[in-house]
Amino acid sequence: MVDDHRIREGHQVGRVEHGLPGLGDGKWVPVYEGYFIGDPTTREAALHDIPEQAARTVQLACLQNL
């Protein structure tokens, strides 16, 4: 399941994905510009309990221009 997260009209900057095998089944994962958002040191994806949390992470990544 994928939920689109649009910040600018007509330009999709990211999305949140749910239940990816091996990435925390039942968790929501933020994706920004085609990459999972997570910890660069451990290289683990950020996992969220609800899609709104993951969408907020995508929004912050866009605002910080990561």
Side-chain angles (χ1 to χ4, degrees):
M1 177 178 192
V2 176
D3 285 343
D4 289 341
H5 181 71
R6 296 171 191 264
I7 293 178
R8 296 183 185 103
E9 184 177 327
H11 177 69
Q12 180 180 341
V13 296
R15 64 185 183 276
V16 297
E17 296 192 11
H18 184 252
L20 297 175
L23 287 178
D25 295 335
K27 299 287 185 173
W28 293 89
V29 181
V31 180
Y32 175 67
E33 297 292 335
Y35 297 95
F36 292 118
I37 297 174
D39 186 333
T41 305
T42 63
R43 301 181 61 90
E44 293 182 4
L47 303 175
H48 299 284
D49 294 324
I50 60 174
E52 292 83 3
Q53 288 176 323
R56 177 70 176 150
T57 300
V58 171
Q59 182 182 35
L60 290 173
C62 180
L63 294 172
Q64 294 175 8
N65 203 23
L66 294 179

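Computed over heavy atoms, backbone and side chain alike; hydrogens, waters and symmetry mates excluded.
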Of the non-hydrogen atoms in [X] and [Y], which two are nearest, and what is the gap between them?
| X | Y | answer |
| --- | --- | --- |
| F36 | A45 | CB-CB, 4.3 Å |
| V16 | P51 | CG1-O, 4.1 Å |
| A46 | P30 | O-CD, 3.2 Å |
| I50 | W28 | C-CD1, 3.6 Å |
| H18 | G26 | NE2-O, 3.4 Å |
| V58 | V31 | CG2-O, 3.7 Å |

When you check the side-chain N and O atoms of R56 and Q53, is any donor under 3.5 Å from an acceptor?
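No, no side-chain donor-acceptor pair sits under 3.5 Å.
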### Query
So K27 and D49, side-chain contact (heavy atoms from CB on, under 4.5 Å) or not? Walk me through it.
CA-CA 5 Å; K27 299 287 185 173; D49 294 324; 2.4 Å; yes
